2 protein chains.
Amino acid sequence: MARRVTINDVAMAAGVSRQTVTRAHNDLGDISEATKRRVLEVSAQLGYRPNRFARNLVGRQRPRAAGLLVGSFSNPYYTEIAGAFLAAAAERGWQVMMASGESGDETAAVEMLAGHVDLFVGHFRLSDDELAAAVQGIPAILLDDRCSRPGFHSVEIDLRAGVRQAMAALEAKGVRRVGMIDSSYSLRASPTYSPTPRRRFFEEFAFGAPEPAVVAGEESMAGGGHAFRALMAQYPDVDGVLVFNDMMAIGAIQAAQALGIEIPGRMRILGVDGLTLGEAVHPTVSTISLDREALVTSALDIADTLAAGNFTHTESLHRTVMPRLLWRESA
Amino acid sequence: MARRVTINDVAMAAGVSRQTVTRAHNDLGDISEATKRRVLEVSAQLGYRPNRFARNLVGRQRPRAAGLLVGSFSNPYYTEIAGAFLAAAAERGWQVMMASGESGDETAAVEMLAGHVDLFVGHFRLSDDELAAAVQGIPAILLDDRCSRPGFHSVEIDLRAGVRQAMAALEAKGVRRVGMIDSSYSLRASPTYSPTPRRRFFEEFAFGAPEPAVVAGEESMAGGGHAFRALMAQYPDVDGVLVFNDMMAIGAIQAAQALGIEIPGRMRILGVDGLTLGEAVHPTVSTISLDREALVTSALDIADTLAAGNFTHTESLHRTVMPRLLWRESA
DNA sequence: CAGCCTGCCGTGAACGTTCACGGACGAACC
DNA sequence: GGTTCGTCCGTGAACGTTCACGGCAGGCTG
């Protein structure tokens, strides 16, 4: 059972008062070197460690903690965001707690964090209703998504503009008919996301044939490869492909090479994300780059604004970041 | 300045007592539906959110929080560990806060977490002295590393056994002279790690020539490629290579293909880590697989043991996990 | 009608730490 | 020798919440 050792236990054992123990531990001065040594010795012997909750409760400046919900730890896009967020947040004095909804119950993960954070940030899978219930009134900043309820803010990516530019550029480069490899998995279980925005924008700006050439696959390299083969079988005249994300694009490129299709001569392949991994393969992956630095910076701007108002903002805050076409070798 | 809204503010505004506000927020019963609604309404209007520190201070069961130090967010090995740890920790009721030392000051990152966690876990770059100072008495579990001081525990990987088996298997497969691509970056600034353990074990079991054929490179795909070319230039008779990690191995494989070297016919390449990414490239990467599940499970076993004793363990706890040879196509 | 139970609500205490203040003691000064 | 100062240490209060308990109605029971 072993009740935890408190500051009073140490004080009694060392024959001093609470305050003296505090002084010893926090290097406060107003204490002789001898008592300090003795107190620290007794502390170590009893295994005393200050209670972090009590300490933060009374402490001067309250630490600000953000809960980051990572979409998936197996997709570099999300881990790069996580890394960027962690670095930028630390610089601004934010603590970060992380969770991921990919394995197990996202509701449980969010509720667990709720007791420790002032704010949520990230990619959520939950529906609006579930999410609103899970966050327990704690404000949330949605990345690449939005929710109209009070207490929810967002940083969106203007992917529509990115796709429009990409389609125009592909056509200018001589592509006759463009196709798309979509994700078979919708992030949010919401009517807004079916079909995926990427697919909607693609269909809006597609060219070369009245019927949109779209095939969906799993969000992985293998899924991209399979989808590419299916696309070729179904629409053999396609000579340019927009792929849902870079991991799938790499898979598609490998599949094309295996089929003896020359890239970018016979086929231009364009991913989405702008992964650094895309620079390390051959040919390097051309992509609609989503600026992760700007994404997390914007999110932290909102976070700082909320913190300045003690997290009692009524109106929703929104930012938009623009994607950037990153021409490498594959398109 | 705006002092934060407390439970008393809500109580006064709603004309009830603290306890009634608590009852309303925590669904406790002993409260009429009408007052409950009124209290929640006033709460929302004032923007009241319970102080998490006060709540945790008095609450029945103390949440257990672990601080995870992620080696790097740009190497899938570490992010896979992070993902596995997050999932397993959540299952056992641990909260997880993360930081990374890769960008900026690792000391600052550790000290920041120190106020919020009961325990540290992860890959540290700091020297023993710096680390001991940074953790402020909070116990730490070192992954794939060790530190003999009190309060430090570890989960080690018996890489020596893995390398020994790998070398024997490579020789059995007909390799005449084996070489190695090492990392030019030492994780810990400590004499124990120079040269890297992987290199030490390689040299212990290398065969085919008295002089060990070793070239070091950056820990990335590109670094692996460059190192492979250097290795070929310097030791043209090498026909089997142990590579520091899988990312570098992928780079080496690509370089070999570019040089027209057949894999595994003319050259066998063996990585370390067991990344799932290694299954998605061609040829798939044979590797000494470090079991990330076992690693985090062992770490959490230690964590649970420490928690059971209120984190006042004097002796150091250690676990060892065995690597496993994963024969895929490249060796 | 006395007694009891039930529904609703309030008051003191507790959690473990730090802050603000004050007091004892010795040395140094005029 | 009284005053002042500096060093070292202790005591009450505060942080914001929940827990344990008790109280006050009103309705029901015997």
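In what follows, chains are A, B, ... by sequence order, proteins preceding strands, each numbered from 1. This structure is a prediction, so every number in the text was calculated from the model and none was measured.
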Atom CE of B:Met12 to atom P of C:dG10: distance rounded to whole Å? 14 Å
Counting only distance, no hydrogens or angles, is the base of C:dT18 paired donor-acceptor with the side chain of A:Arg18 under 3.5 Å? yes
Using a 4.0 Å heavy-atom cut-off, does B:Ser32 contact any base of the nucleic acid, only the sugar-phosphate backbone, or nothing at all? sugar-phosphate
Does any N or O in the side chain of A:Asp118 come within less than 3.5 Å of the main-chain N or O of A:Ala65, such that one atom is a donor and the other an acceptor? yes
Crowding at CD, A:Gln136 (>12 non-hydrogen neighbours, <6.0 Å): yes
Whole Å only: how far is the CD1 atom of B:Ile7 from the P atom of C:dA14? 19 Å
Would you please confirm or rule out a distance under 4.0 Å between OP1 or OP2 of C:dT18 and any side-chain N or O of A:Thr22? yes
Scan A:Ile31 against the nucleic acid and name what it touches under 4.0 Å (heavy atoms): base, sugar-phosphate only, or nothing. sugar-phosphate
Between C1' on D:dT7 and CD on A:Glu33, what's the gap in Å once rounded to a whole number? 14 Å
What nucleotide, of D:dT17, C:dT17, C:dC15, holds the atom closest to the side chain of A:Pro50? C:dT17
Closest to the 5' end of DNA chain C, once B:Arg38 and B:Ala54 are matched to their nearest nucleotides, is B:Arg38
Rounded to whole Å, the CG-C1' distance (B:Asn26 to D:dC19) equals 12 Å
Length of the line joining A:Leu28:CG and D:dG10:P, which is rounded to integer Å: 14 Å
Whether A:Arg149 and A:Asp129 form a salt bridge (side-chain N of Lys/Arg under 4.0 Å from carboxylate O of Asp/Glu) is what I want to check. yes
Extract from the structure each pairing of a protein N or O with an N or O of nucleotides 21-28 of chain D at less than 3.5 Å, listing the distance.
none

When rounded to whole Å, the CG to C1' distance for the pair A:Asn51 and D:dC15 reads 13 Å
Sorted by chain and number, sequence neighbours left out, side-chain hydrogen bond (donor to acceptor under 3.5 Å, both in side chains) with A:Glu130 holds for A:Ser127
Separation of atom OH in A:Tyr48 from atom P in C:dT18, rounded to whole Å: 6 Å
What residue pairs, at least two apart or across chains, pass salt bridge (charged side-chain N to carboxylate O under 4.0 Å, His left out) with a residue in residues 76-93 of chain A? A:Glu80-A:Arg292, A:Arg92-A:Asp301, A:Arg92-A:Asp304
To the nearest Å, give me how far apart CG (B:Asn8) and P (D:dC15) are. 9 Å
Does any donor atom in the side chain of B:His318 or B:Ser154 lie under 3.5 Å from an acceptor atom in the other side chain? yes
Name all residues meeting the side-chain contact (heavy atoms from CB on, under 4.5 Å) criterion together with A:Ser72; count only those two or more places apart in sequence or in a different chain, and write none if there are none. A:Ser74, A:Asn75, A:Tyr78, A:Glu102
Can you list everything that forms a side-chain hydrogen bond (donor to acceptor under 3.5 Å, both in side chains) with A:Thr35? Sequence neighbours excluded, please. A:Ser32
N-O pairing of A:Asp145 and A:Arg125 below 4.0 Å: no
For a quick test of reading the model: is some side-chain N or O of B:Thr35 closer than 4.0 Å to OP1 or OP2 of C:dC9? yes
Is there a donor in the side chain of A:Arg52 and an acceptor in the side chain of B:His116, or the other way round, less than 3.5 Å apart? no
Take the C1' atoms of the five end pairs on each side of the helix from C:dC1-D:dG30 to C:dC30-D:dG1, get both axes, and report the angle to 10 degrees. 60°
